[in-house]
Structure formats: C-alpha cells, structure tokens
Amino acid sequence: MPSPGSSPVLTPAELKRRLDAGETLRILDVRNEDEFARWRVEARRSPLTVNVPYFHFVEDPDNSAARVPRDLPLVAICAKGDSSAWVAESVLRPMGYEVANLQGGMQAWGSFYDIRRLPDPPQGCAVWQVERPARGCLHYVAAGKEGDAVAIDPPRHLGPILDLARAEGLTFRAIVDTHAHADHLSGGPALARVTSAPYFLHPYDGIHPVDVLPARIDFEWLEDGHEFRLGEARLRALHVPGHTLGMTAMELAHAGRTILFSGDSIFLRSIARPDLGGRGEAWAPLHYRSLYGRLRRLPEAMLVLPGHFSDPGEAREDGIYAATLGDLKGDNPELRERGEEEFVRDLLAALPHFPPEYLEIKRVNAGLAAADEERANELEMGRNECAASSHGR
C-alpha cells in the first residue's frame with residue numbers, strides 16, 4: 001500500500017460535531033462493498049455517502065475519481081485510516097477535491113463516545129448519557145450531589161467513563177448491568193476492578209442461556225426492589241424479564257421527578273427482542289407482562305432513557321435520547337394497546353436477523369470466553385440488533 005500523505009484529518013469527535021451541527025458533507029467510504037453494507041457513519045443529520053472501494057482507486061484512479069461528486073467537501077473513510085488517507089492525498093487532492101481523512105477510520109469511529117449531561121434530572125442528581133454512535137448503544141452515569149455515582153451498562157472502553165468521573169469528582173459506589181448484553185462487551189466487571197465498586201447483575205442472567213453454564217465473573221445479586229442511595233435520591237431496580245430473564249430497569253427518583261433507565265426493554269421507537277438467548281417463544285409472553293403489566297403502568301411523566309437507539313434521528317434537539325413514557329405510549333408503535341396473544345404473534349413475526357456473534361459476546365460477558373482487542377472489534381462490528389422490529393431504521 002502506498003504511504004499515506006498529509007491530507008487534513010478529522011477526529012471522530014470533530015466529524016460527529018460537524019454532522020450534528022448540520023454541516024453538509026459527503027462521506028467517501030473506500031471499504032469493500034460488504035463492509036460498507038454492514039455499517040457506515042451515521043448521525044442525527046446523516047451525510048450523503050458514496051462507496052468506491054480502495055482497490056478501484058489503485059487500479060483505475062481517474063475513472064474511480066469520476067464516480068465521486070465534487071459538489072461538497074469530502075471526508076474519506078476506510079477501516080483504519082490508511083487506505084483512505086492515500087486516496088485523499090495521492091488521488092483526489094491533486095485533482096482539486098476538497099477532502100479530509102477520518103483519523104483512525106471506522107475502527108476509531110467504532111470506539112468513539114459522545115457524552116452529554118441531562119439538563120433536567122431529579123433534584124440533587126446529575127445524569128450523563130454516554131452515546132456510542134457507531135453501535136447505537138447508550139450508557140449512563142448517575143450521581144448524587146456529593147459525587148456518589150453508579151455506572152449503568154458501562155462499555156468495554158473504560159476511558160470515557162473514568163475521564164468523566166475524574167472531571168466531575170465522582171466516586172463510583174456501584175456498577176450495574178441492566179442485563180447480560182449480547183450486542184456489546186460489557187465494561188462492568190473491569191470497571192468494578194478498577195474502582196473497587198461492587199458489580200451488580202440479576203442472578204437469572206448469571207447463567208448463559210444457550211450453554212446453560214454459570215458465569216465465571218464476580219457479581220452481586222441485583223434483585224427486584226434493590227435500592228442504591230445517591231444522596232437523597234434513590235435508584236431502584238425493577239425486574240422486567242423478556243429481553244433476558246434477568247432484564248432489570250433502574251428507576252431514579254427524588255422530589256417528584258423520576259427517570260427510568262430502561263435498558264433493553266423500551267426503546268424510543270421499538271422494544272427489545274426476546275430471542276437473543278435462544279428462547280424467543282418462551283420469553284415473549286414474559287416480555288408482554290413486563291411491558292404491559294409493569295412498565296406501561298408507571299407515571300406518564302417519567303422520563304425514559306433507553307439502552308439503545310435504532311436511528312440517530314431519534315435524539316432530541318439537544319442530542320439526548322429520551323422521551324416521557326406518556327409520549328412513548330403515543331409515538332412508539334410497539335407500545336400500542338393490545339392483548340398478549342396479539343403482542344406475542346406480532347413480536348415473533350418482527351424479529352430481524354440473529355447475529356451469530358451475539359452468542360459469543362454473551363460468553364465473553366459471562367467470563368466463559370475471552371476476547372483480545374482485535375477479536376472484540378470483530379465481535380462488535382456493526383450496529384446493534386437488539387430491537388424487535390426495523391421501525392425507524
């Protein structure tokens with residue numbers, strides 16, 4: 001491969017900021033067609049994108065460049081940043097294109113996190129939403145006014161969480177996974193080791209649902225009704241099985257204001273799928289009873305913070321992924337009024353492709369298998385597939 005030149009570079013953070021601000025850019029993705037089809041750069045205002053594989057530029061640079069419009073500034077992207085840097089510097093810039101290169105490519109985009117502080121948390125609390133744009137994953141930190149904090153569904157990349165804690169003067173008192181994740185590798189056990197805070201998981205998720213083997217990780221039992229104190233506020237566990245047997249939402253409440261960290265139960269435009277443990281038909285009725293018998297009965301003014309999003313356009317204008325339960329009852333088609341039989345039938349009919357990597361991710365999260373950084377990147381490639389329908393994708 002020719003050596004990359006010195007084209008201007010953008011970090012993932014800079015690219016995300018410019019896209020969210022509504023800048024009109026065009027993405028040139030030079031990965032192979034199959035890689036491009038699996039996942040690409042998306043944002044609340046997604047860019048126009050063209051896919052021309054790198055080897056086409058090597059074999060026929062003139063005709064390949066002719067496939068790239070000149071009407072907008074370009075950001076060139078590849079897997080790790082080298083191939084696109086060569087295309088930008090050696091082919092396109094000499095032809096007069098305005099082009100920058102994404103530093104680190106899709107690998108860097110895949111491990112980038114965007115952190116936003118919730119503007120309206122319960123009194124005396126602070127809440128941060130940690131967005132992983134490439135995966136559609138959402139992670140959280142909740143804290144009391146004295147800095148006592150709980151990490152909820154932390155990602156495997158601990159840097160952003162630890163940097164946030166240092167910057168805000170937070171001390172983690174507990175680490176919570178709302179469930180045994182299938183779409184991404186949990187940072188919960190590792191964060192617990194680093195911070196000496198106990199790691200909590202519902203005991204039903206302490207067994208791999210397919211291998212039927214007990215987890216080989218240290219965890220405290222997160223049981224229904226368990227409470228964590230964050231100053232004067234309380235963070236309470238609500239066991240809502242369906243996505244997994246141990247799925248547990250977390251309710252943060254104080255002074256009449258309540259937030260629900262819904263994990264993989266309610267999303268903003270869909271609901272979680274029940275089949276990632278290989279038990280879809282058995283778990284779908286449980287999912288109905290959790291959603292309709294418990295979660296839909298919570299106060300309509302409660303703010304729901306989901307564990308995933310399907311489309312970056314779901315975010316509010318301030319970039320936060322959140323909606324009140326009352327709004328979700330009207331706007332989320334998967335939460336419409338219906339009986340259990342209809343719900344189960346519709347849910348099982350709407351299940352998307354089952355990613356085979358998810359079984360291995362569950363094994364790693366249970367301590368039954370290991371994954372180095374390269375393998376972890378392979379397992380986590382692409383957007384999450386935890387939603388039960390393709391609505392909003």
Side-chain angles (χ1 to χ4, degrees), residues 116-131 136-144 149-154 174-179 181 200-202 205 222-244 246-272 286-310 314-316 318 320-332 334-336 386-388:
R116 286 183 169 86
R117 185 168 181 160
L118 192 70
D120 49 354
Q123 182 180 346
C125 298
V127 173
W128 292 267
Q129 187 176 76
V130 183
E131 175 194 356
C137 294
L138 298 169
H139 319 271
Y140 297 94
V141 173
V150 174
I152 300 171
D153 292 331
I175 315 297
V176 172
D177 263 333
T178 58
H179 62 291
H181 300 283
F200 288 84
L201 179 72
H202 194 282
D205 276 3
L222 180 66
E223 299 183 73
D224 187 59
H226 188 106
E227 289 192 359
F228 303 92
R229 304 299 298 190
L230 296 176
E232 296 179 357
R234 60 175 175 80
L235 182 65
R236 183 168 67 100
L238 305 176
H239 182 217
V240 285
H243 178 63
T244 69
M247 175 62 227
T248 303
M250 303 299 297
E251 180 187 65
L252 178 65
H254 180 56
R257 173 79 169 153
T258 310
I259 287 175
L260 182 73
F261 301 97
S262 62
D264 283 20
S265 59
I266 296 175
F267 303 137
L268 298 184
R269 294 185 184 172
S270 186
I271 55 175
L286 297 177
H287 202 6
Y288 176 84
R289 294 161 202 167
S290 293
L291 291 174
Y292 288 78
R294 189 165 202 185
L295 294 181
R296 284 184 96 260
R297 296 182 178 182
L298 294 172
E300 294 200 345
M302 172 182 286
L303 190 69
V304 177
L305 296 172
H308 293 295
F309 60 90
S310 296
E314 296 172 19
R316 305 186 314 197
D318 62 2
I320 298 287
Y321 293 86
T324 66
L325 182 59
D327 285 343
L328 291 177
K329 286 181 179 180
D331 298 338
N332 185 336
E334 308 299 338
L335 290 177
R336 67 186 184 276
C386 289

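FYI, side chains are in, hydrogens and waters are out, and symmetry mates aren't considered; it's all heavy atoms of this structure.
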Checklist entry - Donor-acceptor pair, R297 side chain versus L291 backbone, under 3.5 Å? => result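 Answer holds: no.
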Next on the checklist: Given 3.5 Å as the limit, does a donor-acceptor pair link the side chain of S290 with the main chain of P241, or not?
Outcome noted: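 Yes: the side chain of S290 pairs with the backbone of P241.
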Side-chain contact, heavy-atom cut-off 4.5 Å: [X] with [Y]?
{"X": "L295", "Y": "L260", "result": "yes"}
{"X": "L138", "Y": "V130", "result": "no"}
{"X": "F200", "Y": "T248", "result": "no"}
{"X": "S265", "Y": "I271", "result": "no"}
{"X": "R257", "Y": "Q123", "result": "no"}
{"X": "V141", "Y": "I152", "result": "no"}
{"X": "Y140", "Y": "V176", "result": "no"}
{"X": "L335", "Y": "R296", "result": "yes"}

Distance from [X] atom [atom1] to [Y] atom [atom2], nearest 0.5 Å?
{"X": "E314", "Y": "D331", "atom1": "CD", "atom2": "CG", "value": "11.5 Å"}
{"X": "L222", "Y": "D177", "atom1": "CG", "atom2": "CG", "value": "9.5 Å"}
{"X": "N332", "Y": "L325", "atom1": "CG", "atom2": "CG", "value": "10.0 Å"}
{"X": "D205", "Y": "M247", "atom1": "CG", "atom2": "CE", "value": "9.0 Å"}
{"X": "R236", "Y": "E227", "atom1": "CZ", "atom2": "CD", "value": "6.5 Å"}
{"X": "I175", "Y": "L201", "atom1": "CD1", "atom2": "CG", "value": "13.0 Å"}

Next on the checklist: Any salt bridge linking D224 with R294? Criterion: basic side-chain nitrogen under 4.0 Å from a carboxylate oxygen.
Outcome noted: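 Here D224 pairs with R294 in a salt bridge, since their nearest N and O are under 4.0 Å apart.
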Checklist entry - Are R269 and E334 ion-paired here, with the side-chain N under 4.0 Å from a carboxylate O? => result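 Looking at R269 and E334, the cut-off is not met.
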Looking at every heavy atom in both [X] and [Y], which two are closest together, and how far apart are they?
{"X": "P119", "Y": "D318", "value": "CG-OD2, 3.7 Å"}
{"X": "L252", "Y": "A233", "value": "CD1-CB, 4.2 Å"}
{"X": "H243", "Y": "A272", "value": "ND1-CB, 3.5 Å"}
{"X": "A388", "Y": "S270", "value": "N-OG, 3.7 Å"}
{"X": "P121", "Y": "I259", "value": "CA-CD1, 4.1 Å"}
{"X": "W128", "Y": "A143", "value": "CZ3-CB, 4.0 Å"}

Checklist entry - Does the pair V304 and D327 meet the rule for a side chain to side chain contact (heavy atoms under 4.5 Å, CB included), with working shown? => result CA-CA 10 Å; V304 177; D327 285 343; over 6 Å; no
Checklist entry - Should the pair F228 and H226 be assigned to parallel (<30°), tilted (30 to 60°) or perpendicular (>60°) ring geometry? => result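 Rings of F228 and H226: tilted, as their planes differ by 30° to 60°.
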Item to check | Chi angles and distances behind the side chain to side chain contact (heavy atoms under 4.5 Å, CB included) call for H139, E131 | outcome: CA-CA 6 Å; H139 319 271; E131 175 194 356; over 6 Å; no
Next on the checklist: Between R234 and H254, does the side chain to side chain contact (heavy atoms under 4.5 Å, CB included) criterion hold? Intermediate values first, please.
Outcome noted: CA-CA 7 Å; R234 60 175 175 80; H254 180 56; over 6 Å; no
Next on the checklist: Quick check on side-chain contact (heavy atoms from CB on, under 4.5 Å): which of L118, T258, I320 does L303 satisfy it with?
Outcome noted: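 Result for side-chain contact (heavy atoms from CB on, under 4.5 Å) with L303: L118.
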Item to check | Evaluation steps, ring-ring contact (aromatic ring centres under 6.0 Å, His included), between H308 and Y321 | outcome: CA-CA 9 Å; H308 293 295; Y321 293 86; over 10 Å; no
Next on the checklist: L328 vs F267, test: side chain to side chain contact (heavy atoms under 4.5 Å, CB included). Steps then yes/no.
Outcome noted: CA-CA 9 Å; L328 291 177; F267 303 137; over 6 Å; no
Checklist entry - Between the side chains of D264 and H179, is a donor N or O closer than 3.5 angstrom to an acceptor N or O? => result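 H179 and D264 do have a side-chain donor-acceptor pair below 3.5 Å.
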